[in-house]
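Since the structure comes first, as C-alpha cells, the remarks are kept for the end.
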Number of protein chains: 2
Amino acid sequence: MDLNTEGVKANGRRDRETGTLGKLVALLDLVALADGPMRFTDILSLSDQPRGTLHRQLSHLVEEGLLEVDRGGRYLIGLRLLTLASRSWARNEFRSVAEPHLQRLHDVTCETVHLGVLHGAEVIYLDKVEGRQSIRMYSQIGNASPAYCTGVGKAALSALDDADLAIRIAGIGFHPYTEQTLRNAGELLSDISEVRRRGYAFDLEEHERGICCVAAPIRSDDGHMLAGISVTGPAYRVTPQSLQAWAPLVVAAADSIMMDMRNRMGPKR
Amino acid sequence: MDLNTEGVKANGRRDRETGTLGKLVALLDLVALADGPMRFTDILSLSDQPRGTLHRQLSHLVEEGLLEVDRGGRYLIGLRLLTLASRSWARNEFRSVAEPHLQRLHDVTCETVHLGVLHGAEVIYLDKVEGRQSIRMYSQIGNASPAYCTGVGKAALSALDDADLAIRIAGIGFHPYTEQTLRNAGELLSDISEVRRRGYAFDLEEHERGICCVAAPIRSDDGHMLAGISVTGPAYRVTPQSLQAWAPLVVAAADSIMMDMRNRMGPKR
DNA sequence: TATCATGTTCCATATAGTGGAACAAAATTT
DNA sequence: AAATTTTGTTCCACTATATGGAACATGATA
C-alpha cells in the first residue's frame, strides 16, 4: 500500500495528473463518475482541456474500448474495463481464499457478508454474499467507500500502527452521511481504540440510515495489505445484541482467512 | 458497435498498438490475462519493449493504480480497474432494465440466467442470476466468450443482417472446445439460419462439456447494440425437452426487455 | 436564411515517451 | 567469500507523440 502522501489525497485519488496516461485516466474517472452518458461539451466543461485535445483523447479511449459512444454521440464507460476487471477479480487470491469463509458466515447469520480491502483511507469491496431473502440490491463489489464510516474500514484501520493511522486519517474530509457518522479525527481515533480493545468494529447507521454491521480486521502476514469482513443487515432486523452475538464468529472467520492466506503464501510460489 | 475491420481481429482485440495509450492498454491486457502475478522479467519476455521503456510504462500504470505490485515485486491488476468497472456496470441502463426480467426467468426455471452483449464476434456477459442450488461458480460477469459457441452469442448473431454477419464471422478462429463445437463458418451459418427461423438458439455442450442453454436475441431499437439472454444448466439436469419448453419464456423475456428499453429510451433524455 | 451551439480536423510547436547503455542489487555459482 | 549471472533501476540524447489554437463542418434554433 502506498504511504507516499505527496500528490495523493486522503481518499487515495491522485491530485496532479502527470503524463499522458494520467490525463487519460482522469478522463475515464470523470466519465465513470457521471451518472449517465456524457456529451462532448459536458466533458469539455468539466475537464480543463482545449477542445481539440479533448476530442483526440476521447477518440483514443474509444479506440481502446475504455470508453464507448452511444447513438447520441454521448460517452460512457466501455465494456473492456469490465472484462479486464473481472479477470483480476476472478483470479484474486485473497478473494478466493476468503470466499468459503464468507459463505459459511452467511449460512450462519443469514445476512449479507462483505469482504473489503483498505486502500488509502477508503475501503474497496471485493466480494459479498447476499441474503436470499433480501431483494438484490445495488452490487457493492468494486465500490469504494470512506473507511471512517464503514465497519470494514474501521476494522482495517484498527490494525494499522499509530504512525500509519495518523497519516491516513490526516487528510480525511469527514462528511456527515447520517446523524451517527463520526464527525472528526478525534471521534474516529477514540472509536478505533475501542475497536482495538475488543477486536471488532461496529457500524451503527454511520454510513447509511438503517444499515448496521459488525466487522473484523484481516492482516496479511507482512502487513502489506489490510482488509476486513463484515456481517451487515437492516437495523429493523439486526439489533445491537445480534451484532454483538455475531462478533466472535466474524472475528473467527477473519482469523481463519488470515491462516489460510499464510498457508497459501507459504510454499513460495 | 465497431464495424471497422482493419487492425481489428475477429475476437475484437486490437492488433497494432498505436499511440502511448495503446501500448499501455496492451500491457494491462497482458498482465490481466496471465494467471497470476508476473515478475518484471516475465512481462519483459512477453512484451517486446526494451527494458527501460517497459519499466517506466509499468511504473506509470502502478502510479495510476491500474496495476499493483505485491511484496515480491510482482505485478497484478490494480483495484482501480475494479472500481471503474463496477461503476459502469451499476449504471448500465441495459443491465438495469433487464434485471427484473432475468430474475423472473430464474424464478420460473430455477436455472442460471445470463445477459450478454455482442462485441465484435465475442459475447461479454453483463449479468447473471444464479441458481440457489448450485454452488457459487466462477463469476461470468465481465467475461468475454466467442459468439459462435455460446447460446447468447448465436442468438445475437442471428439478429444481424447478412452483410454485417459476414464481416464478423470472417475472421473467427474456430476452436473446438468440445466435440459439439461448430467447426467452421459454414456450420455456424446454417445453425444461425435455424436460429433465425425459430427465434431462439441452443448451445448443447458446444462451449463446455455438460453445459447447455437456450437463448434469445435482444435488438436495441436502433440496432446499435445487440444482446441476448439465456437459461443455462448442467446437461444431467437440463434435457433438450426442458430447453425446448423454456424457449418461449426466454423469447418473451427478451421481447419484454426490448420493450422496456424502447420505453426508457423514448423520453429523449 | 442567418445565427449560435456543438462537434471535427489540421498542423507547427512543445512535451512526454523512447531505448540504449551504464549502474545497482540480488541470486547463483565457483 | 569472490566471481558471475540474473534481475531490476536510473539516466539522457533523441524522436515520436500529444498539444492547442484556429479553421472547418454540422446541426439546431430563431
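Numbers restart at 1 for each chain; the letters A, B, ... are given by sequence-line order, proteins then strands.
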A:G73 vs A:L21, nearer the 5' end of DNA chain C by closest nucleotide: A:G73
Whole-Å gap separating C1' (D:dG8) and CZ (B:R74): 15 Å
For atom CG of B:L44 and atom C1' of C:dT18, their distance in whole Å: 15 Å
Check: A:F174 ring centre within less than 6.0 Å of A:Y148 ring centre: yes
Where B:A215 and B:V152 come nearest, the two heavy atoms and their spacing: CB-N, 3.5 Å
A:R39/A:D70 salt bridge by N-O under 4.0 Å criterion: no
Distance, rounded to the nearest Å, where B:R51 contributes CZ and D:dT5 contributes P: 15 Å
Rounded distance in Å - CG (A:L54) to P (C:dT6): 14 Å
Side chain of B:P50 - closest among C:dG20, C:dA22, C:dA16: C:dG20
Atom-to-atom span, CZ of A:F40 to C1' of C:dT8 - whole angstrom: 8 Å
B:T53 vs C:dG19: side-chain N/O to OP1/OP2 distance below 4.0 Å: yes
A:Q57 side-chain N/O to D:dT19 phosphate OP1/OP2 under 4.0 Å: yes
A:R56, nearest nucleotide to its side chain (from C:dT8, C:dG20, D:dA18): D:dA18
For atom CD of B:E63 and atom C1' of C:dG17, their distance in whole Å: 14 Å
Candidate nucleotides D:dT9, C:dG17, C:dG7, ranked by approach to the side chain of A:R39 - the nearest: C:dG7
Of the listed nucleotides C:dG19, D:dT10, C:dT6, the one nearest the side chain of B:H55: D:dT10
Between D:dA18 (P) and B:H60 (NE2): distance, integer Å: 14 Å
Candidates D:dG8, C:dT8, C:dA16 - which lies nearest the side chain of A:T20: C:dA16
B:R80 and A:D29 ion-paired at < 4.0 Å: yes
Rounded distance in Å - CG (A:L58) to C1' (C:dT6): 14 Å
Heavy-atom check, side chain of A:Y125 versus side chain of B:S86, under 4.5 Å: no
Side-chain N,O (B:Q49) to OP1/OP2 (C:dT18) below 4.0 Å: no
